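To start, the structure under review is shown below, and the notes come after it.
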Amino acid sequence: MRWSQTFIHTLRQDPADAEVISHRLMVRAGLIAKVAAGIYSYLPLATRSLAKLSAIVREEMAGAGSAELAMPAVQPAELWRDSGRWSEYGPELLRIKDRHDREFCFGPTHEEVITDIVRGTVTSYKQLPVNMYQIQTKFRDEIRPRFGLMRGREFLMKDAYTFHADDEDLDLAYRAMERAYRRVFSRCGLRYTQVEADTGNIGGSESHEFMVLAETGEDAILSCPKCHYGANVEKAETGALEPAPPWPLDPTDAPREVDTPDQRTIEEVSDFLGIAPAHLVKTLIFETDEGFVAVLIRGDLGVNEIKLKNALDCLHLQLAGEQKILDITGGPQGFSGPVGLENIRLLADPSVMDLEVAATGANKDHTHVVGVVPNRDFTPDQVVDVRLAQAGDPCPRCEGTLIEKRGIEVGHVFKLGTKYSKAMRCTFLDADGEEQLMTMGCYGLGVSRTMAAAIEQNHDDKGIIWPLPVAPYEVVLVLLNSDKEEVVGAAEELYGQLVDAGIDVLFDDRPERPGVKFNDMDLIGFPVRVVVGKRGLDNGEVELSLRRDGERRSTPIKELVPAVNAVLDELREEIED
RNA sequence: CGGGGCGUAGCUCAGUCUGGUAGAGCGCACGGUUCGGGACCGUGAGGCCGGUGGUUCAAGUCCACUCGCCCCGACCA
């Protein structure tokens, strides 16, 4: 392809509305153009990159035994009513009406459609398993789209679905998908990690996320350097907690109120009372769609709202406001406690129940109670782990200590179980002629997000440094002195040779000054650069260099094609390893 | 949705406080000089100052409403 025949327009300055590096670089390098918040056009360069990424995904899906299909982007409301998600999914689902006022949505995911296909076709265990995927534009009306392609509303996604006669068979497909995902991200040359994840509102039993490691990642990952345990903080477990130190105050037969004027925070109260933060019971009032809940956790720990949502089986929750706290507990924020707290569900983390003696708020202004004994002075309705794991906590699997990293979620695999097959009556007859629910898996991979993540992870102050397998073009051939006829002739000749050799090359045939061209090459980040200029040509040479290190290797003009093939092979081998 | 900020030339931004002829840099067009790391000189095109309504002799500037965009929080590939 010639530059003059495609559409590449670079910007000198950063766009004003882009914050993260991948977004800035994609706009500056002429990869994407914004149409509306969270909605972008993929310009020719991005389109090529996405096509390469998609090709890798297709190969690996084939390897995992998945067949490609294409489902509609627009889906009828009745399918979503059938699964129950028309009401569950919330405003993130873009709902639309046709001219007859019939309701539809723009598909954010396709469990309903594929389950509908399978339930109408598959009736026998002999037809299972089923494994299909598609690569398609999805729309999710995100509360807050941001960071360009990292969290767009419209995005390109590969979604696969499998249907099985039993859990063992699902597990086989799940493991094959995990392997396929690892191969995709490895082949793209990305540094990533696979972690245990929460299943979120998609539902199901087991789930893993694939995270591209980058400082700007929106997810926090906890991992153990010793045993390779890794999990999203939302999901992370920890080893046994360090117990609270011995109770430093006199023991009491019953809780005793003490004045704590203006001592609200855990630190203030524990300092004031001369106890450790771990001796306090933190009492948080949450508002949920099921009503209010008081959540108790040890003072030095935090609450994981995802775990809490799962424990309460609710869709949404938030901390109650000051007035609500006053109404429910009788005391202001900062002075809540479980002793004598009635008319509200009481949920305690095990860390609280393990305390021998504790201090808590008294549900009264400027007052706390000390000498509180769990199960004597209060009894929770439910004891469940809702603790937020953090860096420094013990690993749940070994003696190690968890560390935190940031990641961009580029893939997520789920064992769905029978959630959708049950709701939508997707059944088959087993060998005994008994009707059974199919068990399902679903597997998402953000294609456009992976492209953004690749840039997020591979750039320098000059621009993008594409990993070879997802670069829009592997090689750029730069004509340097377009005013010199012999240089133009040589460049044209070399371009022909490279094309004939099947090399993925872009020919920068623009009559621009060298500086402009060099800067554009660096900004766009083609892995391999061939410069044809008068200077080298006089010696019968052209200049070959890698974007990565910029090191220039003079190459005899007659040996250009083999030389380019050689560096491409080197780059490919590196990624294989 | 709550909190913060911004809409002026294709892009990045001044000008708004204190109302009085619409600005700069880059980009673009033309001419000339340049030509291996974003050249220089000259000439020029390009604006409903996001929109609507109001105040005023006069509004980019003040007021009200509205639309769009960005950032921080709850969602997710």
Side-chain angles (χ1 to χ4, degrees), chain A residues 9-20 23 27-28 30 33-39 57 89-93 108-110 135-160 181 197-202 209-212 218-219 232 234 286-287 305-306 309 315-319 321 407-414 442-453 462-463 478-484 487 511-523 529 531-537 542-543 545 550 552:
Chain A
H9 297 278
T10 58
L11 261 38
R12 284 200 177 199
Q13 283 164 299
D14 276 337
D17 55 4
E19 189 76 5
V20 298
H23 188 192
V27 174
R28 274 194 62 202
K34 186 167 75 185
V35 177
I39 301 177
V57 169
Y89 211 93
E92 206 178 309
L93 184 65
T109 174
H110 282 65
I135 295 176
Q136 190 196 43
T137 296
K138 298 284 189 274
F139 192 94
R140 296 183 188 173
D141 202 353
E142 295 282 346
I143 299 166
R144 188 153 91 81
R146 58 181 145 179
F147 302 155
L149 295 194
M150 295 254 282
R151 179 178 297 282
R153 290 193 291 176
E154 191 174 296
F155 58 97
L156 191 63
M157 174 170 155
K158 187 281 308 179
D159 46 323
Y181 274 48
D198 184 76
T199 51
N201 63 5
I202 294 198
E209 287 168 338
F210 294 80
M211 299 281 192
V212 168
E218 291 190 83
D219 287 274
N232 193 312
E234 295 174 349
F286 281 93
E287 185 172 2
E305 296 192 6
I306 303 286
K309 270 187 203 176
L315 289 172
H316 300 286
L317 59 77
Q318 59 183 46
L319 279 166
I408 302 163
E409 184 193 348
V410 288
H412 200 162
V413 296
F414 299 82
C442 77
Y443 317 86
L445 191 157
V447 179
S448 46
R449 184 184 278 181
T450 299
M451 177 172 70
K462 290 180 180 163
V478 185
L479 164 61
L480 216 51
N481 312 102
S482 56
D483 55 335
K484 304 260 188 320
V487 184
E512 287 289 348
R513 297 172 58 86
V516 170
K517 294 196 171 202
F518 284 124
N519 279 296
D520 278 344
M521 299 312 114
D522 289 342
L523 176 59
R529 179 166 72 194
V531 174
V532 186
K534 171 124 180 33
R535 213 164 67 184
L537 220 51
V542 291
E543 193 177 279
S545 63
R552 300 173 190 183

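Every value quoted in this text rests on a predicted model; they were computed, and no experiment measured them. First the proteins, then the strands, lettered A, B, ... as listed; each starts at 1.
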Task: Under-3.5 Å donor-acceptor pair between Arg449(A) side chain and C76(B) base - done: yes

- [ ] Ignoring backbone atoms, test whether Arg513(A) places a side-chain nitrogen or oxygen under 4.0 Å from the OP1 or OP2 oxygen of A39(B).
- [x] yes

TODO: Could you tell me whether the phosphate oxygens of G37(B), OP1 or OP2, come under 4.0 Å of any side-chain nitrogen or oxygen in Lys462(A)?
DONE: no

TODO: Check whether the side chain of Arg529(A) and the base of G36(B) form a donor-acceptor pair under 3.5 Å.
DONE: no

Open item on the list: Can you tell me whether the side chain of Glu512(A) and the base of G38(B) have a donor-acceptor pair closer than 3.5 Å?
Closed with: no

- [ ] Would you classify Lys34(A) as touching base, sugar-phosphate or nothing, given that sugar-phosphate means primed atoms plus P, OP1 and OP2, and contacts are heavy atoms under 4.0 Å?
- [x] sugar-phosphate

Task: Phe518(A) ring over G36(B) six-membered base ring, under 5.5 Å and 30° - done: no

- [ ] For Asp219(A), answer base if it contacts any base atom (sugar-phosphate contacts may also be present), sugar-phosphate if it contacts only those atoms, and nothing otherwise; contact means non-hydrogen atoms under 4.0 Å.
- [x] base

Open item on the list: Taking C48(B) as the reference, what is the distance to G60(B) when you measure between their C1' atoms (whole Å, please)?
Closed with: 11 Å

Open item on the list: Applying a 4.0 Å non-hydrogen cut-off, can you work out what Asp17(A) is touching in the nucleic acid: base, sugar-phosphate, or nothing?
Closed with: sugar-phosphate

Task: Distance, C1' atom - from U21(B) to G2(B), rounded to whole angstrom - done: 44 Å

Open item on the list: Using a distance-only criterion (donor-acceptor N/O pair, under 3.5 Å, no hydrogens), is the base of G73(B) paired with the side chain of Arg146(A)?
Closed with: no

Open item on the list: Would you say Arg144(A) places a side-chain N or O within less than 4.0 Å of OP1 or OP2 belonging to C71(B)?
Closed with: yes

Open item on the list: Side-chain N or O of Lys309(A) versus OP1/OP2 of C75(B): is the shortest distance under 4.0 Å?
Closed with: yes

